[in-house]
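Read through the structure below, which is laid out as structure tokens, and then see the notes.
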Amino acid sequence: KKPMTNGMMPVCMASERDMPDKIVKLLLLADSPIKFMPNMHQIRDVALRIHSHSWWHLATTDGKYAPVIDDILSNLASIHEIISLCQEPDSNGYSSVFDRAHRDVKEVMRKNLVFAERYRVAPEYKTTIDKGVILLCAVDYGNDTAWEDMYSSRSKHGP
């Protein structure tokens with residue numbers, strides 16, 4: 001979590017030296033801005049942690065470790081944790097990781113922001129948890145065929 005004696009973050013050095021994904025993943029998890037909950041399906045507030053912006057660095061510098069980020073988002077993060085990681089501000093608190101992410105990383109984030117195979121969460125908006133229900137902003141990208149099937153099925157059975 002702390003810079004090395006030369007002032008460089010361990011994840012930065014690992015990235016510069018093309019370290020294996022497994023090592024980079026461990027370093028990134030050690031300096032993550034959130035604490036991942038053990039049960040991805042349990043709904044509770046995101047646990048924020050003090051960190052040194054390794055997540056920001058890896059997501060915005062280049063896409064080399066996009067598979068590592070995908071692995072973390074796909075296997076460890078709930079939807080509201082993914083949104084929180086996308087919204088992580090830079091060290092000055094101005095822009096978000098999602099806004100500045102490398103195109104490969106942004107694509108990984110978009111992929112992991114889809115649920116029920118048709119809704120894409122808008123990471124620009126905060127999520128709220130109210131009585132165990134996640135309130136979020138999402139766009140329905142369902143196909144027209146599903147709507148046509150639903151309409152034709154309903155018209156066959158009356159209003």
Side-chain angles (χ1 to χ4, degrees), residues 1-3 8-130 132-144 146:
K1 284 188 174 186
K2 294 182 181 180
M8 183 177 259
M9 294 304 302
V11 80
C12 298
M13 182 169 288
S15 176
E16 282 183 7
R17 295 184 179 176
D18 292 323
M19 300 293 274
D21 289 0
K22 185 175 182 175
I23 291 172
V24 172
K25 179 181 176 183
L26 291 172
L27 291 171
L28 192 57
L29 289 172
D31 191 38
S32 171
I34 67 169
K35 180 181 180 201
F36 295 98
M37 294 298 153
N39 182 352
M40 289 173 43
H41 304 291
Q42 188 174 13
I43 299 172
R44 62 175 116 169
D45 288 332
V46 174
L48 302 177
R49 299 179 359 174
I50 295 173
H51 60 95
S52 299
H53 299 282
S54 295
W55 178 257
W56 176 273
H57 172 79
L58 212 60
T60 62
T61 317
D62 63 46
K64 175 172 45 178
Y65 290 106
V68 171
I69 292 173
D70 186 33
D71 183 35
I72 291 170
L73 297 181
S74 299
N75 298 310
L76 298 176
S78 64
I79 193 74
H80 59 291
E81 289 171 336
I82 295 170
I83 294 166
S84 181
L85 289 168
C86 287
Q87 293 174 349
E88 181 62 28
D90 65 13
S91 58
N92 297 318
Y94 293 118
S95 93
S96 72
V97 167
F98 188 78
D99 289 339
R100 299 285 186 209
H102 183 273
R103 68 182 170 275
D104 296 341
V105 173
K106 193 175 276 195
E107 190 56 39
V108 161
M109 290 175 170
R110 282 189 182 114
K111 178 190 100 167
N112 284 283
L113 286 167
V114 173
F115 67 96
E117 298 181 14
R118 67 181 292 158
Y119 302 100
R120 178 171 291 148
V121 175
E124 300 83 8
Y125 300 97
K126 295 271 186 208
T127 58
T128 306
I129 299 174
D130 185 23
V133 176
I134 301 174
L135 305 173
L136 49 80
C137 181
V139 177
D140 182 353
Y141 284 99
N143 61 34
D144 292 334

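Everything numeric here is computed off the predicted structure, so don't read it as measured data.
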Worksheet item: Among side-chain atoms of Thr60 and Arg100, is any donor-acceptor pair under 3.5 angstrom?
Response: no
Discussion item. Checking Lys64 against Asp18 for the salt bridge (charged side-chain N to carboxylate O under 4.0 Å, His left out) test, could you report, in this order, the C-alpha distance in whole Å, the side-chain angles of both residues, the deciding distance, and whether it holds?
Written reply: CA-CA 9 Å; Lys64 175 172 45 178; Asp18 292 323; 2.8 Å; yes
Discussion item. I'd like to check the side chain to side chain contact (heavy atoms under 4.5 Å, CB included) partners of Tyr125; sequence neighbours left out, ordered by chain and number.
Written reply: Ala122, Cys137
Worksheet item: Taking Ser84 for the side chain and His80 for the main chain, is one N or O donor matched with an acceptor at less than 3.5 Å?
Response: no
Discussion item. Any salt bridge linking Asp140 with Arg120? Criterion: basic side-chain nitrogen under 4.0 Å from a carboxylate oxygen.
Written reply: no
Practice prompt. Answer whether the closest heavy-atom distance between the side chains of Asp90 and His53 falls below 4.5 Å.
Written response: no
Worksheet item: Is there side-chain contact between Trp55 and Leu85, with heavy atoms separated by less than 4.5 Å?
Response: yes
Worksheet item: If we only count heavy atoms from C-beta on, is the Phe98 to Lys106 side-chain gap below 4.5 Å?
Response: yes
Fill in: Distance, nearest 0.5 Å, that separates CD1 of Ile34 from OG of Ser78
7.0 Å
Fill in: Which atom of Asn112 lies closest to which atom of Ile79, heavy atoms considered
O-CD1, 3.7 Å
Response to the item:
By side chain to side chain contact (heavy atoms under 4.5 Å, CB included), Ala59 pairs with (sequence neighbours left out) Ile69, Val97, Val105, Met109
Practice prompt. May I ask you to test the Ser15-Leu58 pair for a side-chain heavy-atom distance under 4.5 Å?
Written response: yes
Practice prompt. Please identify each residue that fulfils side chain to side chain contact (heavy atoms under 4.5 Å, CB included) with Glu107, with sequence neighbours left out.
Written response: Arg110
Item to complete: Measure from the side-chain N and O atoms of Asp21 to the backbone N and O of Val68, and report whether any donor-acceptor pair falls under 3.5 Å.
Response: no
Worksheet item: Salt bridge check: are Asp70 and Lys111 linked by an N-O gap of less than 4.0 Å?
Response: yes
